[in-house]
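Working notes, beginning with the structure itself.
Since the structure is predicted, the reported quantities are computational estimates derived from the model, not experimental observations.
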Amino acid sequence: MTIPGPDESVEPVVRTSSGAVRGRTEDGLTVFRGIPFAQPPVGDARFAAPRRPRPWDGIRDAYAFGPPPPQDLGAAGTVGPSDAPGGDDWLTVNVWTPDPDPAAHRPVMVWIHGGAYKMGHSGSPAYDARRIAADGDLVVVTLNYRLGMEGFAHIEAAPANRGLLDQIAALVWVQENIAAFGGDPGRVTVFGESAGAGSVAALLAMPRAAGLFRRAIAQSVPGTFFSAELAADIGAALAAELGLRPTVEDLADLTPDQLVKAGQALAPKMPGQVARWGQAAPTITPYAPVVDGEFLPVTPWQALASGAARDVELIAGHNRDENRLFTAMAGKLGEIGEDRASAALRLYAPGGEAAYRAAFPDASANDLYERVQTDWLFAMPSLHLAEAHLAGGGRSHVYELTWPAPAYGGALGACHALDVPLLFGAFQADLALLQFGGAEPSAEALALSARFRSSWTAFARTGDPGWPAYDTQRRLVQVLDAEPAVAPYPEEASRRLWEGYEFAPLPLLAEG
């Protein structure tokens with residue numbers, strides 16, 4: 001319950017299942033940061049499933065974000081923690097609420113950040129949820145989860161998908177505690193982008209997550225889910241970078257930083273392993289959810305098509321030019337030639353290179369390279385997730401962001417992660433600095449940003465984001481641009497090329 005104070009200036013205190021926490025009033029909201037939802041996953045808890053937080057006595061100040069999980073800081077420092085606290089209490093949540101009144105029963109939105117399953121943290125300024133909470137008059141929760149080898153690498157004698165199990169533990173914490181913060185545990189919407197959207201998709205398929213949320217929003221779902229065999233082989237390669245076996249016994253005494261460095265050492269070698277790791281190799285990301293047969297029994301597409309989450313309402317969508325962010329970060333924007341385009345088409349195109357060239361006869365080599373990688377990694381996995389949900393008896397709403405990022409004269413297009421600053425309204429943090437060039441957002445950007453929040457929060461409140469549910473006759477989607485419109489799915493040529501394609505677990509092609 002909320003503990004009342006003698007006057008409005010007293011900082012609010014809420015009792016959780018583990019103890020009381022004190023937050024702060026900021027801009028008309030009450031904010032609580034760094035609340036543990038699980039024990040620090042260190043010592044004998046390392047590489048284990050998350051354990052319930054230890055209770056504390058007295059009142060714990062919830063003023064500061066918890067320390068980020070150990071992670072790769074990313075290319076050129078564009079993402080990752082800055083000025084972040086230290087320590088091993090990585091598994092924490094943060095809550096923004098209009099009023100911590102148990103009688104309020106506001107809808108709840110739980111954000112899962114992206115970052116290739118190896119970087120990111122909920123304390124990033126990019127995920128400052130105050131605008132979403134204020135504009136939507138609802139409660140927003142953000143969370144940390146284990147990343148990289150700590151959270152996703154195959155380690156013998158450790159449970160698979162530890163990072164996903166952390167997310168489930170955070171959702172259990174929400175069910176147990178969010179009413180005290182003014183939220184309704186029966187109206188929880190989980191939402192995430194990129195690896196966060198892959199996590200949302202996985203949660204829809206995980207029996208342990210059933211009943212923990214009512215609605216889901218998956219922004220740019222990656223199609224990369226590892227088979228158990230592939231995960232084991234990549235796990236062995238990661239451990240080999242340290243001269244060790246991929247076992248709890250061998251790895252438990254290493255510092256988290258040593259495990260991060262193993263991932264950093266392996267990533268640039270991955271493109272040379274296409275014969276061994278197939279489509280996973282060029283991603284230079286040695287981590288993904290693992291279809292382990294236990295915690296994640298089948299892929300999200302298979303699970304949803306079988307009706308596993310038919311009672312959960314879904315938004316799924318993507319950005320038109322997802323892959324341009326990565327070519328820009330590699331310094332190759334607009335410079336891809338025929339050799340690289342052909343290699344990408346041979347590796348990713350479901351009907352082979354000729355099918356893509358026939359479907360896009362006027363496309364340049366650069367455009368074909370961008371298109372097939374956008375389709376394979378994000379666009380088609382997102383669309384197919386919505387279609388699988390529909391096939392399984394669920395309801396899906398689909399969107400595509402087509403508004404171009406303003407930096408570089410619009411050359412980035414509607415690139416990957418552009419939806420994040422638009423949704424949160426944070427234009428001076430992380431990748432937004434690249435996408436917006438550090439400039440103040442235009443009136444057009446602010447209007448689209450407000451549209452994102454109003455649609456997402458309306459969905460969290462009612463299940464209706466303001467555009468029709470998707471069906472396989474009209475295929476109507478929300479096109480998010482300077483003038484948003486409802487129209488048939490714009491990427492029809494790609495949709496037809498990928499029709500009937502199964503996003504199966506990525507296989508191990510050859511032993512290392």
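With sequence neighbours excluded, the residues forming a side chain to side chain contact (heavy atoms under 4.5 Å, CB included) with Pro350 are Tyr356, Trp498, Tyr501, listed by chain and number. A search for ring-ring contact (aromatic ring centres under 6.0 Å, His included) contacts involving Trp376 returns Tyr348, not counting sequence neighbours. When the side chain to side chain contact (heavy atoms under 4.5 Å, CB included) test is applied to Leu347, the partners found at least two apart in sequence or on another chain are Val274, Gln279, Pro282. Not counting sequence neighbours, the partners of Asp44 by the side chain to side chain donor-acceptor pair (under 3.5 Å) test are Arg51. Among residues two or more places apart in sequence or in another chain, the salt bridge (charged side-chain N to carboxylate O under 4.0 Å, His left out) test is passed with Lys332 by none. Take Phe459 and apply the ring-ring contact (aromatic ring centres under 6.0 Å, His included) test, not counting sequence neighbours, and it matches no residue. The side chain to side chain donor-acceptor pair (under 3.5 Å) test applied to Thr299 returns no partner, not counting sequence neighbours. Among residues two or more places apart in sequence or in another chain, the ring-ring contact (aromatic ring centres under 6.0 Å, His included) test is passed with Phe47 by none.
Aromatic pair Tyr127/His121: ring centres not closer than 6.0 Å.
Inspection of the Ser194 and His416 side chains reveals an N or O donor paired with an N or O acceptor under 3.5 Å.
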Which donor-acceptor pairs under 3.5 Å do the side chains of residues 234-245 make with protein atoms, sequence neighbours left out?
| from | atom 1 | to | atom 2 | distance (Å) |
| --- | --- | --- | --- | --- |
| Glu241 | OE1 | Lys269 | NZ | 3.1 |
| Glu241 | OE2 | Lys269 | NZ | 2.9 |
| Arg245 | NE | Asp250 | OD1 | 3.4 |
| Arg245 | NE | Asp250 | OD2 | 3.2 |
| Arg245 | NH2 | Asp250 | OD1 | 2.8 |

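Residues Asp257 and Lys261 are paired through a salt bridge, judged by an N-O separation under 4.0 Å between the basic side chain and the carboxylate.
The stretch residues 204-223 participates, sequence neighbours left out, in these side chain to side chain donor-acceptor pair (under 3.5 Å) pairs: Arg215-Glu313, Gln219-Asp419, Gln219-Trp456, Ser220-Glu322. Applying the side chain to side chain donor-acceptor pair (under 3.5 Å) test to pairs two or more places apart or on separate chains, those with a residue in residues 29-42 are Glu26-Arg33, Gln39-Arg54. Judged as a side chain to side chain donor-acceptor pair (under 3.5 Å), not a single pair has a partner in residues 300-312 (not counting sequence neighbours).
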Exercise. Tell me, with the steps shown, if Met329 and Leu434 meet side chain to side chain contact (heavy atoms under 4.5 Å, CB included).
Key: CA-CA 9 Å; Met329 292 175 71; Leu434 175 68; 4.1 Å; yes

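Side chain of Arg324 to main chain of Cys415: no donor-acceptor pair is present (N/O by atom type, distance under 3.5 Å, no hydrogens or angles).
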